[in-house]
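Just so we're on the same page: letters track the sequence lines, and every chain starts at 1.
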Amino acid sequence: MPVRIITTHLEFEGRVSEQRVVMEGDEPPVWGEDAELRIVGKPTPRVDGRERVTGGATYTYDIQLPGQLTAAALRSPHAHARVTRVDASRAEAMPGVRAVLHRFNAGDLIDPNRDRSVFAEELPYAGAIVALVLADTREQAADACAAVMVEYETLPFVVDPEAALQPEAPRVLSDRPHNKLNDEYPQTYQRGDVDAGIREAEVTVEARFETPAAMHNSMETHGATAQWDGRTLTIYSSTQDIFGVRRAVAKALGLHQNQVRAIKQYMGGGFGSKFGPHESGLLAAYAAHRLGRPVQYMLSREDENVAAGHRSATIQHFRLGAQRDGTLTAIEQRTVGNLGALAGWFPATAMATKELYQCANVRTIDEGARTNLGPFAAFRAPGVVEGIAAMETAVDQLAAALGMDPLELRLKNYAERHQDMQRPYARKLLREAYEIGAERIGWATRDAEARRYPKGRDGTLRRGVGMASQLWGGDGGPPAQAQAKLLPDGTAVIITGTQDIGTGTRTVLAQIAAEELGLPLEAVRVELGDTEFGLYSPPSGGSMTLASMGPAVRMAAAEARKDALEIVGHLVEAPADALDIRDGGIVNRETGREMGTLGSYLEQLDGHEVTAKGMRGPNAENVTVRTFGAQFAEVEVDLGTGQVRVRRIVAVHDCGRIVNPLTFSSQIEGGIIQGLGFALMEQRVVDQRFGTVMNANLEQFHIPTIRDVPEIDIVLLDRPNTYANTLGALGAGEPPIIPTPGAIANAVAHAIGRPVSGLPLTPDRILDLLK
Amino acid sequence: MPNAPSQSPDAAPTAAPHRTVHLTVNGIAHEIEVETRRTLLDALRADLHLTGAKPGCGMGDCGACTVLIEGEAVYSCLTLAVACEGRAITTIEGLSSSDGELDPVQSAFIAHDALQCGFCTPGQVLAMKALLARNPHPSDDEIARAMSGNLCRCGAYPKILAAGRALAGHPS
Amino acid sequence: MQPFDHVSATSAAAAVELLQQGGPSGARVIAGGTDLISLMRDRIQSPRLLVNILPAAAALRYLRFEADGALRVGALATLADIERDPHIAARLPILTQAVRDAATPQLRAMATAAGNLMQRPRCWYYRGEFPCWLKGGDECFARDGENKYHAIFGASPCVAVHPSDLAPVLVALDAELTIAGPGGSARTLPVERFFAPPTDDERIEYRLQPGEVVSEIRVPAQPAGARGAYVKVMDRQAWAFALVSVAAQLSERDGVVERARLALGGVANVPWRVAAVEDLLTGQRLTPALAAQAAERALENAHPLTHNGYKVPMARAAIRRALLAAAGQEE
Ligand SMILES: Cc1cc2nc3c(=O)[nH]c(=O)nc-3n(C[C@H](O)[C@H](O)[C@H](O)COP(=O)(O)OP(=O)(O)OC[C@H]3O[C@@H](n4cnc5c(N)ncnc54)[C@H](O)[C@@H]3O)c2cc1C
Ligand code: SF4
Ligand code: FES
Ligand code: FES
């Protein structure tokens, strides 16, 4: 097969990069509007549902290898310190303890993603790892942790991001000249002239909006189980990215990539926080390699919440200018991001600011502040959730200042093209999303007395309706590969190296393969989550998986089908293109004659397996592919107690073709519920005096319970986006969380009749706003 | 942190007390030798290799470790194994029949997609099971209340409610 | 969790006996374990001996109405037992309300009524690694720190709040405890007096002598026509400790309040009874205006900390509602 190399562009969580695609063969033509599909598009229960409801699914936490040791970590209590001495002698002598690793005996373990020793001398946040105990049982490991004696030299620290950016602030990392993310910060994007835009504006709005640090709290914490057999290091990792694990572990241990095997069959959630092996995976691998015993290191909930990431906090200042008729003349956003000590990038808080509204004069300034807090990590549309919440509340304030309907103001400034890249969107159904959502929520009556002032609670209840918009990429991209095998009995195995992180990847890939192969769903089995046998797949995140892997699987299936028909054609002495596979049987296309099952032919081949490879082709050039959508929220605020209850959310998102409406709606609901948590309750609390996170648990860091869930009304647009890829499908992981906090915040502002200043909208914040 | 946490030597125990405990798990009688401080969750997972009950927090804050003791849903992370002497425990592994037939609660969870990553699912299924055993036809509010001790970070809640409503015999 | 010995008691007397063997501070009763295990896991408490009292269920797990209308709650009755009891729902619905939104179904199935009164504060400095005053240290870190969930009343050096939902209701119902002590002794004590703010010498929110075991909670018969209501304000719809809670119990005759009890939770390190309001209400007709006045009066002496000023208006609203609900004037 001739090989072609094509250059294309890929967007991942708001960042665009150039990518080379190697193509062997051609992708099948796009499934357009008129494609007749039997399995794709039908609500399909998960193919691995059984394992998940019976306890049969083995999560990383559940791996139990003979002789496996358990690890527990000792972490720094200081916001900033240097470790000067570790005395582990007493701990090492305790029953069941096999090793205690720390700076002075394991300083050679380098985290390749941070280029820094895992057991660093400088501990830049409370919760930074100091020592790892390996013991036979969990209790023994905990006992030994408490017996390790550490001497620290404490250093000055700063946890407030604005304070950290002052010239006289203590250095977060002592070898850096400042606390800015890097020398390129603050980073400014500019188009037109914002100051002129503000001057020519007839109405201006200035708003400050704070968003909290929110911890992911995946139900399964970060961690890994590793085993070294002298030849291969096998690592079971709770990860969204097995190939990233393989790469980093090989590098850290000085092994070849073919000596590392990363496996992830089931994982208990990631939401962006589980790319690469993380410190926990490196430690498990290192310890297993060094001790020659299997090692499991799973983080405690508390360690997870201080050390394994969170959505970074922001302080955003918006300035908007408009003419009387609502035409925007200026948009300015200044964002201070509290990135923690070990950050490497800045979340895409400005993505929507640059794009969402038609405006000639736009400026965004990103100020990345390092602080003596744990590292942040990507969290479902990192930056975009925060940016949209702040901007959409500012837009509502502008609407109020103009005396205009907020939706009308948005339509007035509707951007038809991608203004920054000056090119069209492949498709933008946002206007339609606005219209449908407005209709479903009853936007027209949002100010009706009877609706705003419900009875009850001695007249202290208020209702409000608000909305916010959503944009995101989600078209995926290369490289992503898959292989299809047809076995002698006519069933198929699809081999990939992707991950199903709970989104239903295994199921949609099986649907796509079954569709293309002409087999019933039950005849297709999808393998994933193992670097040893799988083919390269991208990390599962950024709404990338389906749109990247789906086309690769489809191409592999199409090629296998072609080969199979070729073979059958030889056997029946008919041209291959006169034949087809339908529901596992061979049929003559013209006559419709049924000619027996596919298996009845393949089994004549003495065990030969038909195999074919597929890969994701390049992305469309010269257009921008986006998912657009809108959500509308209706809330009830208790003015007496400050409690907010979300009553209803209407969600309209264009994610192209919907491969599985059942799991799609689960994704949308899950995103909305996380967005609701971010809007109403999730907030890391730090004692500024000590730099300690006070609520690194699930008791005082509240996430929604089943009783917090509102009525959720999802409108399926389900129209293939033919620019996106050969499925016409876009990802749906990120889109649903993006507008929820903004919509809720606007609904609350509507209910209480005053703007809100940030999230979360906890009772104390509401009561303060009402003061 | 103010004057670093006291690193006063924790008078390290040399021999932690052990006990023999008899448990009937999923209908099978077991005798295990455990430290008195071993939780039921750890005993099930480490001693009996039943990993269906999941550790999510160890503090009664998540519900992933839910099991049934004498039909009542409890958190196994806050239960000492020694306190379960002679008790009958059901874990997710014991819910489907030995020939592999799923419990109606399990089937409803699959049909309604009441799970995403699935890590909270064993606990959710058992909480639902305990509810229906007590109250075969719960109202929507009763379902939500009974399921309010099991967090799901993936947000499968609407589908869990749907599964519950179907099991309770409500029209969908 | 530190290692410990574990023994079982099949009666309150046996538990008393076993506790004495364990020495004054080294032995503890364990009931549902829902609070004790988490304290032990974090090494905030490390008893050397646990006396498991659950095997005494046959004797201590019951809910019984006496002929005179008093309710006797065995120490080992669980919150779920109370929640599911139809007689309590009919005769003392305030008690049902108190447990319905406490913790979670699983925790309520495990948590005992007596244990609920002796749960320790949820202050995050106390539960964290801080050597705070309540743990025997010198300083209360919450007073000038992160005190959003802390007290607005009280004069103890500790500003943590009592987390129990049951406690304010029992205070409003004038309930009493029966406490078994060494040598077969027993004493009774009003729940209200069982609680006392921690002091330098006794850094704990309740007073129990070494070796004592709570065996029963007795709710006396309420006057005819008495009604109550419990209002709990949380920052999510379930599984949250009260930001503020209010237990109001009123007896009215011909529309006039004859006797009132008002106790608040989440505002002080013990359930906070507001006698001044009880006096204000007595002899009056409960109107929305009077309820508002009572709420105002109840908060008069509140002294919020840096981050919990919101509790004042919140408590006002909750008191107003609890009083109106108790008087059957809910909308
Ligand atoms: C996540 C979580 C959320 C919670 N939410 C709430 C809530 O919203 N509202 C609420 O009210 N509570 C709440 N609780 C607290 C819970 O209700 C209490 O932990 C429980 O009631 C304690 O009872 P137990 O039987 O488990 O006590 P244990 O944990 O067994 O004991 C607690 C203490 O009481 C002592 N003790 C117990 N019984 C006796 C006795 N008979 N005599 C003498 N001493 C005794 C023990 O020695 C120990 O010191 C929550 C707990 C958790 C973990
Ligand atoms: S409020 Fe009480 S428990 Fe909390 S820090 Fe102060 S003394 Fe300790
Ligand atoms: S692990 Fe038991 S409740 Fe979280
Ligand atoms: S399904 Fe992932 S936590 Fe519930």
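- Heavy atoms closer than 4.5 Å to chain A are found in the side chain of Lys148(C), but not in its backbone.
- A distance of 4.0 Å separates CZ in Arg321(C) from OG1 in Thr460(A), rounded to the nearest 0.5 Å.
- With a 4.5 Å cut-off on non-hydrogen atoms, Arg320(C) touches chain A through its side chain but not through its backbone.
- Remark: Arg41(C) CZ is packed, more than 12 non-hydrogen atoms of other residues, nucleotides or ligands lying under 6.0 Å away.
- Taking 4.0 Å as the cut-off between side-chain N and carboxylate O, Arg765(A) and Asp235(C) do not count as a salt-bridged pair.
- The two residues Glu129(C) and Pro77(A) come nearest to each other via the heavy atoms OE1-CB, 4.5 Å.
- Only the side chain of Gln643(A) comes within contact range of chain C, with heavy atoms under 4.5 Å apart.
- Here OH of Tyr310(C) is found 9.0 Å from CG of Leu767(A). Values are rounded to the nearest 0.5 Å.
- Options Glu139(A), Lys771(A), Glu302(A) differ in how many heavy-atom pairs under 4.5 Å they form with chain C, and the most are formed by Glu302(A).
- Neither the backbone nor the side chain of Asn308(C) has a heavy atom closer than 4.5 Å to any heavy atom of chain A.
- Only the backbone of Leu698(A) comes within less than 4.5 Å of a heavy atom in chain C; its side chain stays farther off.
- Only the side chain of Asp638(A) comes within contact range of chain C, judged by heavy atoms closer than 4.5 Å.
- Proximity of a side-chain donor or acceptor of Arg689(A) to a complementary backbone N or O of Phe141(C) within less than 3.5 Å is detected.
- At least one side-chain heavy atom of Leu243(C) sits under 4.5 Å from a side-chain heavy atom of Pro763(A).
- Contact annotation for Ala240(C): both backbone and side-chain heavy atoms come within less than 4.5 Å of a heavy atom of chain A.
- Taking CD of Glu146(C) as the start and CZ of Phe690(A) as the end, the distance is 10.5 Å to the nearest 0.5 Å.
- In this structure, CG in Asn697(A) is found 10.5 Å from CZ in Arg127(C), a value given to the nearest 0.5 Å.
- Among Leu770(A), Asp708(A), Thr705(A), Asp768(A), the residue making the largest number of heavy-atom pairs under 4.5 Å with chain C is Asp708(A).
- Heavy atoms closer than 4.5 Å to chain C are found in both the backbone and the side chain of Met694(A).
- Per-residue heavy-atom pair counts under 4.5 Å with chain C were compared for Val685(A), Thr762(A), Ile766(A), and the maximum is reached by Val685(A).
- Formation of a donor-acceptor pair under 3.5 Å by the Gln700(A) side chain with backbone atoms of Arg122(C) is found in this model.
- Residue contact with chain A, scored on non-hydrogen atoms closer than 4.5 Å, involves the backbone and the side chain of Tyr125(C) alike.
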| said: Would Trp124(C) and Glu699(A) count as a side chain to side chain contact (heavy atoms under 4.5 Å, CB included) here? Give the steps. | reply: CA-CA 10 Å; Trp124(C) 38 29; Glu699(A) 182 203 319; over 6 Å; no
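- Ranked by heavy-atom pairs under 4.5 Å with chain A, the list Pro288(C), Ala325(C), Gly145(C), Gly309(C) is led by Gly145(C).
- Between the side chain of Arg236(C) and the backbone N or O of Ile703(A) there is at least one donor-acceptor pair closer than 3.5 Å.
- Taking every heavy atom of both residues into account, Gln237(C) and Val644(A) meet most closely at NE2-O, 4.4 Å.
- A pairwise comparison of heavy atoms in Thr641(A) and Met314(C) identifies O-CE, 3.2 Å as the closest pair.
- For the atom pair CD1 (Ile706(A)) and CH2 (Trp239(C)), the distance works out to 11.5 Å, reported to the nearest 0.5 Å.
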